[in-house]
Undergrad: 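Just passing along the structure, written as structure tokens.
A, B, ... follow the sequence lines: proteins, then strands. Residue 1 opens every chain.
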Number of protein chains: 4
Amino acid sequence: MEFKDKQSIYLQIADYICEQIVLGQWPPGERILSVRDLAASLEVNPNTVMRAFEFLQTKGIIMNKRGIGYFTAENAPELILAFRRERFLETELPELLKTMYLLNISMEELQKRYNLFIAEEFPVKA
Amino acid sequence: MEFKDKQSIYLQIADYICEQIVLGQWPPGERILSVRDLAASLEVNPNTVMRAFEFLQTKGIIMNKRGIGYFTAENAPELILAFRRERFLETELPELLKTMYLLNISMEELQKRYNLFIAEEFPVKA
Amino acid sequence: MEFKDKQSIYLQIADYICEQIVLGQWPPGERILSVRDLAASLEVNPNTVMRAFEFLQTKGIIMNKRGIGYFTAENAPELILAFRRERFLETELPELLKTMYLLNISMEELQKRYNLFIAEEFPVKA
Amino acid sequence: MEFKDKQSIYLQIADYICEQIVLGQWPPGERILSVRDLAASLEVNPNTVMRAFEFLQTKGIIMNKRGIGYFTAENAPELILAFRRERFLETELPELLKTMYLLNISMEELQKRYNLFIAEEFPVKA
DNA sequence: GTGGTCTAGACCACC
DNA sequence: GTGGTCTAGACCACA
């Protein structure tokens, strides 16, 4: 997996995990890959994965069973969507709209790109 | 001026300068406030303003005349918009569309919020 | 390490790093000394080394891995030689030729001095 | 006249004056353009020209007659060539030779470029 | 441990 | 007056 420069890796990993959960790849209530396995598959330091897990645990999205591993919460998908919705509406959206205004990007163009994006990335639903 | 925590101050200053240029407050080819003056008005250390200037100079948005000061480039507005457009289309937009998909936010809702935003922030044009 | 007065220290450090890379002392793709260690060994402030690193990073000669350190780019030697060649041909050489003309220095004399220089500085190759 | 970034303007002006003298454009013992005239023609601040004059005066290349202006010394061309020769041999040449070695530029190529340069810049002598 | 940022303050060359 | 560089020292997030 490749990481962006501008955001810390552990947060990008946390986002990745959330995405997998929301997309149904990691069912609620089930055990997650171990820290070292995930670290190996992502090619990062285990400490970094650990931090992502701890971060998600504080949010209640995953929880730890001592000596066994981490498990996704039963309501993990709902929790994640709620957090993300909040972040989107309160911080990302205002910046987006401002940028669209400054760059003079129309809603029509956005709509067109949205259709393209869906067709490419999630062809199943489309 | 107040600064956010999540981004470094000097980059926020650079963004601020770009915004002033794009909005036509600082005309192309004109002299910018001196490092010291801008630092005083923003209440930061001159070194921090200096970093912002250096950053913008490497982008070709402003340039230095020895012993006199910094000047906005003649094509500064176009340059800034080009940079921002590239960043938007290549990194911000994909994230946005993905989030919209995950959160199941419709284009109609986005349109509604855009109209609201324009009415509030830039009532003149609206 | 000793520094000249006429050029800023951080640029001299950048030059020094480039020289080490070109001469094969610091292999491409390998980790560089940490900012603090290099600063200590050169007896300068860490900030000064940091500036040199930032400068080289913008040139693509070195790159950063978060929390780990700086690494020389795989194509660093080629990049450096390309930059240097360009600078030499476009700015240094014209001045040199002009000076030689004004001073009435012949190519023969230059050749003689070149042979002497090689014999002294790089006796292995010679 | 256009100036390079890396060297101070007043020194570039001093070099320009020296060049004119050596090339015979400004005869020894004659009066030089006034500070303000030269400043106007070079499009720089008169103070900057003043500094160049003062610098050349300390070298004995030009001298001031109060209330009249600056005059080139009778032995100006010889003085200039002596200074320039020293600078060339002691500082410029070693760097040049090192660069040539690193860039693997042969004397033959240098000779070729020298011939080209002479033909272009000083066709009279050629 | 790593880099990154910021401040405070000094000193410099230059226009 | 202008920018430019350097130091010292602090604090932070990150791996």
Undergrad: Would you name the heavy atoms of C/P28 and C/A73 that are closest together and state the gap between them?
TA: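 Looks like CB-O, 3.5 Å.
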
Undergrad: For DNA chain F, list all stems, counting runs of three or more consecutive pairs where every pair is Watson-Crick or G-U wobble with both distances under 3.5 Å.
TA: E:1-14 with F:1-14

Undergrad: I'd like a table of donor-acceptor pairs (distance under 3.5 Å, sequence neighbours excluded) in which one partner is a side-chain atom from residues 8-17 of chain C, with atom names and distances.
TA:
| from | atom 1 | to | atom 2 | distance (Å) |
| --- | --- | --- | --- | --- |
| C/Q12 | OE1 | C/K4 | N | 2.9 |
| C/Q12 | NE2 | C/K4 | O | 2.9 |
| C/Q12 | NE2 | C/Q7 | O | 2.7 |

Undergrad: Answer whether the closest heavy-atom distance between the side chains of D/C18 and D/I21 falls below 4.5 Å.
TA: no

Undergrad: Please table the atom pairs, donor to acceptor, closer than 3.5 Å between any side-chain atom in residues 60-71 of chain A and protein atoms at least two apart or in another chain.
TA:
none

Undergrad: side-chain contact (heavy atoms from CB on, under 4.5 Å) between D/L42 and D/T48: does it pass, once the steps are laid out?
TA: CA-CA 10 Å; D/L42 297 176; D/T48 307; over 6 Å; no

Undergrad: So if I take every side-chain heavy atom of C/E54 and compare against E/dG3, E/dT2, E/dT5, which nucleotide ends up nearest?
TA: E/dT5

Undergrad: What is the distance from CZ of B/F55 to P of E/dT5, rounded to the nearest Å?
TA: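 From B/F55 CZ to E/dT5 P: 11 Å.
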
Undergrad: On DNA chain E, compare the nucleotides closest to C/K65 and B/V44; which residue's is nearer the 5' end?
TA: C/K65

Undergrad: Determine, stepwise, if the pair C/V49 / C/L33 fulfils side-chain contact (heavy atoms from CB on, under 4.5 Å).
TA: CA-CA 11 Å; C/V49 172; C/L33 257 57; over 6 Å; no

Undergrad: Please give, in whole Å, the distance from F/dA15 C1' to A/F53 CZ?
TA: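 Answer to the nearest Å: 16 Å.
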
Undergrad: Return the set of residues passing salt bridge (Lys or Arg N to Asp or Glu O under 4.0 Å) with D/K59 (not counting sequence neighbours), or none when no residue passes.
TA: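 For D/K59 there are no salt bridge (Lys or Arg N to Asp or Glu O under 4.0 Å) partners, ignoring immediate neighbours.
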
Undergrad: Can you see which heavy atom on C/Q25 is nearest to which on C/P27, and at what distance?
TA: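 For C/Q25 and C/P27, the tightest heavy-atom pair comes out as O-CD, 3.6 Å.
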
Undergrad: Report, as a single string ordered 5' to 3', how protein heavy atoms within less than 4.0 Å touch nucleotides 9-15 of chain E: B base, S sugar-phosphate only, - not at all.
TA: B----BS

Undergrad: Expressed in angstrom and rounded to an integer, what is the separation of B/D5 atom CG from E/dC6 atom P?
TA: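 After rounding, the reported distance stands at 11 Å.
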
Undergrad: Identify every side-chain donor-acceptor pair in residues 75-90 of chain D under 3.5 Å, counting partners at least two apart or on other chains, and give the distances.
TA:
| from | atom 1 | to | atom 2 | distance (Å) |
| --- | --- | --- | --- | --- |
| D/R84 | NH2 | C/T99 | OG1 | 2.9 |
| D/R85 | NH1 | C/L103 | O | 3.3 |
| D/R87 | NE | D/E92 | OE2 | 3.2 |

Undergrad: Rounded to the nearest Å, what distance is computed from the CE atom of residue C/M63 to the C1' atom of nucleotide E/dG3?
TA: 16 Å

Undergrad: Please report the distance, rounded to the nearest Å, between NZ in B/K6 and P in F/dC14.
TA: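 From B/K6 NZ to F/dC14 P: 14 Å.
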
Undergrad: Starting from C1' on F/dG1, measure out to CG on B/L33 and report it in whole angstrom.
TA: 14 Å

Undergrad: Select from C/V35 and B/P46 the residue whose nearest nucleotide in DNA chain E is closer to the 5' end of that strand.
TA: C/V35

Undergrad: Round to a whole Å and report the spacing from CG of B/D37 to P of F/dG3.
TA: 8 Å

Undergrad: Just how far, in rounded Å, is C1' of E/dT7 from CD1 of B/I13?
TA: 13 Å

